[in-house]
Every structure is written in structure tokens, then in C-alpha cells.
> 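I'd like to ask you about the structure that follows.
No experiment lies behind these values; they were computed from the predicted model shown. Along the sequence shown, the residues carry numbers beginning at 1. What's counted below: heavy atoms across the whole structure, side chains too, no hydrogens, waters or symmetry copies.
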Amino acid sequence: MSPLKREFNREPNMNGRRILANCLIVVVSTLLSFSVAALDRDLLVCSVCHGADLQGNKNTEAPNIAVLPSWYIRQQLHSYQREWRGAKVKDKSGQEMRTIALSLTDEHIQNIVEKIAHLNDAMNKKTLYEKTIHKEISHKETSHKEAIDEEVKSLATNIKSFNEMPTDLLSQGKKLYQQCSACHGSDGLGREVVKAPPLVHQPMWYLKKQLNNYQAGIRGYHEQDSSGQQMTSIAQGIRSQDDIDAVVTFIKTL
């Protein structure tokens, strides 16, 4: 018997689990994609910048809105309409978003937040599934741990552990996040009562950009935007880009 054939026969169970996991991922992803494809015109307009699945697009500097709660999406669309956001010359993506927001009626906004709420629920289920797969595979005893680890990373790319990050960076980020947790929660899931959005599931580049925008007065500049001005005060207390990198890195471990 050839070495390749012996190797294959020695691990039929692992191969079977791998095939099953991949099939399940495809099914979940297909269902999620279908839910987006079936969206009405309003969300199709959103997808131009935020991506086909509304999970963000770095090229257009658009955040992941599929995971944002309805109250926050409504709040931000109204902020654009009131020129609390997107009125600064240097805020190109904000200006584009403001143009879109001004074209929306209250009925359009209500439709958008309801549709995204369904996506939010689907995304939460997908994330829970990926974490479950990660947990199950990581507890399997196998001589092919490196191959399994690579597979886990491809199945659950959003999952990070403290061991994957530099200790000093995480330590500094954890310290800085203490002031953030008062509003955004220790879990980073946000708190509606203080108008603080969830931070988890947002890409690092977007979180960094928003902190820089607050520091530069591109966001949180309007005197009537109390939560924005509060966030400006917090952001200006972060002294360096290294500290911004640290706190954003820590957020991705939540």
C-alpha cells in the first residue's frame, strides 16, 4: 500500500469531519447571501458602498452595517440629515453618505432598519456557528493540529485570541479600553441608553479611522451632537497612533 493511501486510511474520521464542516459553512454562507440578494431597492443602494453582504468595504471606507442595531442606524442617518456628520470637506465618504441620507424619507429609513435587523439576526447566528465549529475542532486530539488550525482560521477568520496578539499591545489596549467600556460595554456590544454602538465585528481599519476622525474634528464637531462631542473628548485623550492601534487591537479580542 502506498504511503499516501495509508495516510488517507488512517484518518477517515478527520476527513469526514472536515468535509462536513465545509459543507455546513457553504450552506450557512449561501443562506446569508440569499437573504442579502433578496433585499429591496433601499438596501441594494446601501450595498454599492457597504458591499453585497453589507459587511463593509475598505475601498469605499464603508463600515459593517449588517451587525448594527436598528436604533443606531436610524440615529446615524438622522445625524447625516442634520449635518452632524458628513459636512466636513475632508470627510469624503461622509459627504457621500450625507447625500444618500438626504434622499431618504422616514419611510425609507424605517424600511432600511427593519431589513438590516433581519441581517443582524442572521449574522449573529453565523458567528455563533463559526465559534462552535472552532471550539469543537480545537478540542479534537489529532496529529494534524497544524492543518486543523489553518482550517479553523479559514472557517472563522473573525475569531482572535489573546495568544495571537503581542502581550504589551493587548495590555495597553485593555487599559485604554476601560474608559470605552463605560459606554460601549465590557463586551464591546454597545449600550443604547447612552447611544453607544457595538464595536465588535467592525474592521480594525474602520475603528482606527473613526478615532482619527474624532481627533481631527471631522466627526463629533456639531454642538448639538452630544454623544459625538463626548466621543471627541475621549478620542482626544488617546495620545498616539500606537495607543489607537492598541485599543483597536484589544477590541478585536472581545
Side-chain angles (χ1 to χ4, degrees), residues 36 39-117 119-120 123 180 183-184 190 192 194-238 240-241 244-245 247-248 251:
V36 175
L39 295 177
D40 61 14
R41 294 178 184 177
D42 292 329
L43 283 195
L44 287 176
V45 171
C46 300
S47 70
V48 173
C49 291
H50 293 275
D53 52 10
L54 305 184
Q55 293 183 47
N57 185 341
K58 187 174 183 179
N59 292 330
T60 56
E61 301 182 344
N64 181 350
I65 61 174
V67 295
L68 292 177
S70 299
W71 61 265
Y72 184 72
I73 295 173
R74 183 183 288 107
Q75 170 188 307
Q76 293 309 299
L77 287 173
H78 287 159
S79 291
Y80 282 114
Q81 291 179 336
R82 296 166 182 163
E83 296 190 2
W84 293 6
R85 289 188 68 178
K88 296 293 184 177
V89 175
K90 293 183 179 180
D91 188 9
K92 181 180 177 181
S93 59
Q95 287 183 324
E96 293 172 350
M97 188 61 228
R98 179 171 169 268
T99 300
I100 297 296
L102 288 172
S103 71
L104 301 176
T105 64
D106 289 343
E107 183 179 355
H108 286 145
I109 292 176
Q110 181 60 28
N111 183 47
I112 287 171
V113 298
E114 288 179 356
K115 294 294 184 179
I116 292 181
L119 285 182
N120 195 318
M123 183 59 61
C180 308
C183 292
H184 294 280
E192 181 177 0
V194 290
K195 300 180 180 179
L199 302 177
V200 292
H201 305 309
Q202 285 298 344
M204 293 178 69
W205 61 261
Y206 181 77
L207 295 176
K208 290 172 64 174
K209 180 175 177 58
Q210 296 314 300
L211 285 172
N212 284 318
N213 282 350
Y214 280 117
Q215 287 186 336
I218 294 174
R219 186 172 176 183
Y221 53 83
H222 200 284
E223 61 182 9
Q224 294 181 359
D225 183 11
S226 58
S227 59
Q229 289 197 323
Q230 181 179 3
M231 188 62 223
T232 295
S233 177
I234 296 295
Q236 289 176 344
I238 303 178
S240 68
Q241 287 299 311
I244 287 179
D245 288 341
V247 71
V248 168
I251 289 171

> Could you grab the distance from atom OG of S93 to atom NZ of K209, nearest 0.5 Å is fine?
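Rounded to the nearest 0.5 Å, the OG-NZ separation comes out at 5.0 Å.
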> Does the Y214 side chain pair with the main chain of I234, one donor and one acceptor, at a distance under 3.5 Å?
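No: the side chain of Y214 does not pair with the backbone of I234.
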> Identify the residue among K90, K88, E96 that makes a side-chain contact (heavy atoms from CB on, under 4.5 Å) with K92.
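When K90, K88, E96 are each tested with K92, the side-chain contact (heavy atoms from CB on, under 4.5 Å) holds only for E96.
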> Are I109 and Q81 close enough, and set up right, to give a side chain to side chain contact (heavy atoms under 4.5 Å, CB included), and what steps lead you there?
CA-CA 11 Å; I109 292 176; Q81 291 179 336; 3.7 Å; yes
> Provide the closest heavy-atom pair for R98 versus A87 in the form atom of the first, atom of the second, distance.
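Reported closest heavy-atom pair: CD-N, 4.5 Å.
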> With no hydrogens and no angle check, is any side-chain donor or acceptor of S227 less than 3.5 Å from a backbone partner on K195?
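A pair under 3.5 Å: no.
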> Measure from the side-chain N and O atoms of E61 to the backbone N and O of Y206, and report whether any donor-acceptor pair falls under 3.5 Å.
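Checked: no pair found.
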> Give a yes or no answer on whether the side chain of E83 reaches the backbone of H222 with a donor-acceptor pair at less than 3.5 Å.
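The answer is no, because no donor-acceptor pair under 3.5 Å joins these two groups.
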> Side chain to side chain contact (heavy atoms under 4.5 Å, CB included) between L68 and Q202: does it pass, once the steps are laid out?
CA-CA 9 Å; L68 292 177; Q202 285 298 344; 3.8 Å; yes
> Within this structure, what is the OG1-CE distance for the pair T60 and M97, rounded to the nearest 0.5 Å?
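Atom-to-atom, T60:OG1 and M97:CE are 11.0 Å apart.
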> With a 4.5 Å limit on heavy-atom distance, are the side chains of L77 and R74 in contact?
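With C-beta onward as the side chain, the pair stays apart.
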> Calculate, to the nearest 0.5 Å, the distance between atoms CG and NZ belonging to L43 and K115 respectively.
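Answer for the CG-NZ pair, L43 versus K115, is 7.5 Å.
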> Check step by step if side chain to side chain contact (heavy atoms under 4.5 Å, CB included) holds for M204 and L207.
CA-CA 5 Å; M204 293 178 69; L207 295 176; 5.6 Å; no
> Between S70 (side chain) and V113 (backbone), is there a donor-acceptor pair under 3.5 Å?
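Judged by distance alone, yes, a pair lies under 3.5 Å.
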> Does the T99 side chain pair with the main chain of Q95, one donor and one acceptor, at a distance under 3.5 Å?
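Such a contact is found between T99 side chain and Q95 backbone.
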> Got a donor-acceptor contact below 3.5 angstrom from the Q215 side chain to the I238 backbone?
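The answer is yes, because a donor-acceptor pair under 3.5 Å joins these two groups.
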> Do the non-hydrogen side-chain atoms of M231 and L211 ever get within less than 4.5 Å of each other?
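They are in contact (side-chain heavy atoms under 4.5 Å apart), so the answer is yes.
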> Do you know which two heavy atoms are closest between Q230 and C183, and how far apart they sit?
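Looking at all heavy atoms of both residues, the closest pair is NE2-SG, 4.0 Å.
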> If you round to the nearest 0.5 Å, how far is CD1 of I116 from CD1 of I65?
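So the gap between those two atoms works out to 4.0 Å.
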> Hey, what do you get for CD1 (I100) to NE2 (H108), rounding to the nearest 0.5 Å?
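If we round to the nearest 0.5 Å, I100:CD1 and H108:NE2 are 11.5 Å apart.
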> Give a yes or no on this: more than 12 heavy atoms of other residues, nucleotides or ligands lie within 6.0 Å of atom CD of E107.
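It does not: E107 CD has 12 such atoms or fewer within range.
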> How close do V67 and P198 get, heavy atom to heavy atom, and via which atoms?
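The pair with the smallest heavy-atom distance is O-CG, 4.3 Å.
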> Say you draw a straight line from NE2 of H78 to CG of L104; how long is it, rounded to the nearest 0.5 Å?
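Going from the NE2 atom of H78 to the CG atom of L104 covers 9.0 Å.
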> Can you find a pair of side-chain heavy atoms, one from H184 and one from P197, that are under 4.5 Å apart?
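Yes, their side chains come closer than 4.5 Å.
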> Would you say the side-chain atoms of N212 pair up with the backbone N or O of K208, donor to acceptor, closer than 3.5 Å?
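Yes: the side chain of N212 pairs with the backbone of K208.
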> Can you give me the closest heavy-atom contact between G94 and Y80, atom names plus distance?
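Reported closest heavy-atom pair: O-CE2, 3.5 Å.
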